[in-house]
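Computed from a predicted structure; not experimentally measured. Chain letters run A, B, ... following the sequence lines, proteins first, then strands; residues in each count from 1.
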Amino acid sequence: MAPPPLAALRQYASVASPASLPPTVLFGHTDKTLTVYDKYNKSLFHLLVLPRSPALGSEAELESLQTLLKTKDRARDVLAALAESGETARKQIQEEMTERYGWSWGVRMGFHAVPSMLHVHLHVMSDDLLGEAMKNKKHYNSFHPTKGFWLPLEDVQAWLEADDEYYKRMSKLPKAQYEPLLKESLSCFRCDKELKTIPALKTHLQEEWDAKEKRELAKGKKRKAQGAPDGEDDAKKAKAEE
DNA sequence: GTTCTAGAAC
DNA sequence: GTTCTAGAAC
């Protein structure tokens with residue numbers, strides 16, 4: 001087995017002309033950010049938004065969320081750029097959901113407290129956790145929305161502004177505190193049910209999602225029957241029910 | 001981050 | 001006997 005491609009994201013983030021990247025890698029880019037497909041998707045839709053170097057900082061400054069947070073002003077700027085591109089990606093994902101599935105569901109944005117690849121990357125992913133590459137407890141717990149290993153973008157932004165003390169603590173994000181979370185027992189992020197194995201969890205998540213899809217599609221039909229226009233407000237309504 | 005696989009768990 | 005996890009990767 002080849003060594004892990006720890007620096008793959010850094011290479012993408014430092015490329016001078018993103019358009020030269022293969023379409024299997026590149027989702028989109030701006031002067032400041034580059035959005036790529038996560039090669040091993042843990043949800044049905046899973047993208048990564050990277051701050052470009054040198055536009056938003058040196059490779060060292062952008063190595064991780066931890067190094068980024070050492071400089072408050074830079075962190076604020078980089079997070080804002082990631083948020084903006086993340087929002088663009090979210091909209092595109094939700095359009096694709098409607099095309100492909102006939103309805104759209106939540107898309108969340110956040111970071112891992114302890115990253116395993118070089119270069120800070122914002123995950124933009126649909127909230128189903130039904131991706132092909134979701135294979136073990138570590139994967140699942142790292143993306144569980146409330147366990148603590150997953151850091152929502154808006155939380156990180158709020159902490160940064162809250163007070164200097166919190167910002168100092170954040171720039172450490174100690175492994176010792178976060179890594180044990182990955183070994184905790186498996187529980188459904190929707191209904192809290194405990195599952196003993198990964199296959200059982202996956203079956204359960206699929207059932208929850210199938211049921212949700214059925215409700216959403218039924219709602220869509222009802223709206224249509226009432227003569228209401230579909231599309232625009234579907235995403236908002238779906239989100240409010242999450 | 002993944003793949004592979006020994007042996008634990010059932 | 002089969003499923004599943006979890007640690008090694010020279």
Rounded distance (Å) that lies between atom [atom2] of [N] and atom [atom1] of [X]:
X        : N     : atom1 : atom2 : result
A:His123 : B:dG1 : NE2   : P     : 8 Å
A:Lys42  : B:dG1 : NZ    : P     : 6 Å
A:Leu48  : B:dG1 : CG    : C1'   : 11 Å
A:Leu182 : C:dA6 : CG    : P     : 12 Å
A:Tyr140 : C:dC4 : OH    : C1'   : 18 Å
A:Lys137 : C:dG7 : NZ    : C1'   : 14 Å
A:Lys135 : C:dC4 : NZ    : P     : 15 Å
A:Lys196 : C:dT3 : NZ    : P     : 19 Å

Indicate the ring-plane relationship of [X] and [Y], choosing parallel, tilted or perpendicular according to the 30° and 60° boundaries.
X        : Y        : value
A:Tyr101 : A:Phe45  : perpendicular
A:Tyr178 : A:Phe149 : perpendicular
A:Trp105 : A:Trp103 : tilted

Q) Has A:Arg108 got its NZ or CZ under 6.0 Å from the middle of the six-membered ring of A:Trp150, at an angle within 45 degrees of the ring axis? A)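 The answer is yes; both the distance and angle limits are met.
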Q. Does the side chain of A:Glu59 pick up a donor-acceptor pair with the side chain of A:Ser14 at under 3.5 Å?
A.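 Looking only at side-chain atoms, A:Ser14 and A:Glu59 do form a donor-acceptor pair, the distance falling under 3.5 Å.
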Consider the side chain of [X], meaning its heavy atoms from C-beta on, and name the nucleotide among [options] that approaches it most closely.
X        : options             : result
A:Ile198 : C:dT5, B:dT2, B:dG1 : C:dT5
A:Pro199 : C:dC4, B:dT2, B:dG1 : C:dC4
A:Thr197 : B:dG1, C:dG7, C:dC4 : C:dC4
A:Lys183 : C:dT5, B:dT3, C:dG7 : C:dG7

Q. Who is the Watson-Crick or G-U wobble partner of C:dC10, with both distances under 3.5 Å?
A. none
Q: Indicate whether OP1 or OP2 belonging to B:dG1 is found under 4.0 Å from a side-chain N or O atom of A:His121.
A: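 Checking A:His121 against B:dG1: no side-chain N or O falls below 4.0 Å of OP1 or OP2.
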